[in-house]
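Scroll down for the structure; my scribbles are underneath it.
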Amino acid sequence: MQPSRLIFSLVFVCHCFAGFNPVSAADSSPIILAHRGGAHEYEENTMEGFRACYERGIRGFETDIRMTKDGVLVILHDDTLNRTHNASGAIEHKTVAELKDVVTKKGQKLLFLDEFLDYFADKPGVYIELEMKTSNRMLYPDARIAEYCQKLYSAAKARKADGSTYVFSSFDERPMKAIHALDSKAPMSLIASKPCSDEFIARARQLGADRIACKINGTSRKSVEDAHKQGLRVNCWPGRAAADYYLAKGLGVDVHCTDIPTVIQGVKEQLPE
């Protein structure tokens, strides 16, 4: 190569990589969030799913928190046990004693929050979203919100490992306000079944949330950038195919909530950094 061309090439390379930080580049990929512990790969919200995802290298997890009649926190998505377990009715109408023999359709034990938190207590550097399933006001009248939030906040804070982030999330603004009153710096995510928008960003900021979770379809790169400018981290969902992860990556979101986390982990590992 001629000296003049060599000098030009070196200048060009230095210009392109000025300020380049390999750590920040690696961090630019969205966190893979195992929705209900990988709901399309394992029985949802079971230790089998959470354990398998962690052992596969996934460090992001999403789960759903409810409270029994006698005030114990349990992991369950639906308003009733009917779809996922060998029992019927609402968790909120049952005591712990009534739930001791409840198992999933495939025979796995009903998971309690304490068991979930205990598993991750010695695992630093995980990102967990604890969704507060309080939107049904028949099950969670205003009078129950304070007790629910105090117990959830205290349990999560007591067991959180160093370097981990535990996020309190909900569609319901009531527990968001209660958590914010307990700890104004607690990570909180407002959820909506719609794309990111200016209105949604404003709602989250009014609640004191530092992040949002929105539908991936219809969300634009500009809206994600607007959320970032307002100091919000963005989680896009649902994820049920590799194409959803590529879209999340292209949108520049911070977290991608997916039902197929181990599949997406494999996709992520094949991408160049």
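- Between the CD1 atom in Ile179 and the OG atom in Ser169 there is a gap of 10.5 Å [rounded to 0.5 Å].
- Of all non-hydrogen atoms in Ser220 and Leu251, the two that sit nearest each other are C-CD2, 3.7 Å.
- One finds the CG atom of Asp254 at 9.0 Å from the CG atom of Asn235 (value rounded to the nearest 0.5 Å).
- No continuous path of ILVMFWY side-chain contacts below 4.5 Å connects Val102 to Leu73, so the two sit in separate hydrophobic clusters.
- Between Phe50 and Phe116, the ring-plane angle classifies as perpendicular under the 30° and 60° cut-offs.
- No side-chain donor-acceptor contact under 3.5 Å links Glu41 to the backbone of Cys53.
- A single hydrophobic cluster is not seen to contain both Ile128 and Phe112; linkage of ILVMFWY side chains at heavy-atom distances under 4.5 Å, directly or through other members, places them apart.
- Taking the side chain as every heavy atom from C-beta outward, Phe61 and Pro261 never approach each other to under 4.5 Å.
- With hydrophobic clusters built from ILVMFWY side chains whose heavy atoms lie under 4.5 angstrom apart, Ile32 shares a cluster with Ile260.
- Using a 4.5 Å heavy-atom threshold, the side chains of Lys268 and His256 count as separate.
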Run the numbers on Phe120 and Tyr166 for ring pair (Phe, Tyr, Trp, His ring centres under 6.0 Å), then give the verdict.
CA-CA 11 Å; Phe120 288 105; Tyr166 284 12; 7.7 Å; no
Pairs under 3.5 angstrom only: tabulate donor-acceptor contacts from the side chains of residues 195-204 to other protein residues two or more places apart or in another chain.
unit_1, atom_1, unit_2, atom_2, d
Ser197, OG, Phe200, N, 3.2
Glu199, OE1, Lys194, NZ, 3.0
Arg203, NE, Glu173, OE2, 3.0
Arg203, NH2, Glu173, OE2, 2.9

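- Taking hydrophobic clusters as Ile, Leu, Val, Met, Phe, Trp and Tyr residues chained together by side-chain heavy-atom distances below 4.5 Å, Leu110 does not share a cluster with Tyr119.
- Using a cut-off of 4.0 Å between Lys/Arg side-chain N and Asp/Glu carboxylate O, Lys229 and Glu225 are scored as not salt-bridged.
- Of the possible polar contacts, one joining the Glu43 side chain to the Lys106 backbone as a donor-acceptor pair under 3.5 Å is found.
- In this structure, Leu76 and His85 have side chains that are in contact, with non-hydrogen atoms separated by less than 4.5 Å.
- A salt bridge is absent between Lys133 and Asp78: the closest approach of a Lys/Arg side-chain nitrogen to an acidic carboxylate oxygen does not fall below 4.0 angstrom.
- Pairs engaging residues 57-72 under the side-chain hydrogen bond (donor to acceptor under 3.5 Å, both in side chains) rule: Asn45-Thr63, Asn45-Asp64, Arg66-Asp79, Arg66-Glu92, Thr68-Asp70 [sequence neighbours left out].
- Scanning for side-chain contact (heavy atoms from CB on, under 4.5 Å) contacts around Ile31 gives Tyr127, Val255, with sequence neighbours left out.
- Of the inter-residue distances, the one linking Thr95 atom OG1 with Lys100 atom NZ reads 10.0 Å to the nearest 0.5 angstrom.
- Side-chain atoms of Ser154 come within 3.5 Å of backbone N or O of Gln150 as a donor-acceptor pair.
- Formation of a donor-acceptor pair under 3.5 Å by the Arg174 side chain with backbone atoms of Tyr140 is found in this model.
- The aromatic rings of Tyr153 and Phe168 are tilted relative to each other, their planes meeting at an angle between 30° and 60°.
- Using a 4.0 Å cut-off between a side-chain N of Lys or Arg and a carboxylate O of Asp or Glu, Arg159 and Asp114 qualify as a salt bridge.
- Checking side-chain atoms of Asp210 against main-chain N and O of Ser189 turns up no donor-acceptor pair under 3.5 Å.
- No path of Ile, Leu, Val, Met, Phe, Trp and Tyr side chains, each step under 4.5 Å between heavy atoms, connects Ile65 with Leu81, placing them in separate hydrophobic clusters.
- Between the NE2 atom in His35 and the NE2 atom in His40 there is a gap of 8.5 Å [rounded to 0.5 Å].
- A salt bridge between Asp259 and Arg36 is absent, with no side-chain N of the basic residue lying under 4.0 Å from a carboxylate O of the acidic one.
- Of the charged side-chain nitrogens involved, none lies within less than 4.0 Å of a carboxylate oxygen, so that Glu129 and Arg211 do not count as a salt-bridged pair.
- A pairwise comparison of heavy atoms in Thr219 and Cys214 identifies OG1-SG, 3.8 Å as the closest pair.
- Using a 4.5 Å heavy-atom threshold, the side chains of Val74 and Leu111 count as separate.
- Interatomic distance, Leu190 CG to Met176 CE, rounded to the nearest 0.5 Å: 5.0 Å.
- The line from CD of Glu131 to CD1 of Ile75 is 12.0 Å long, rounded to the nearest 0.5 Å.
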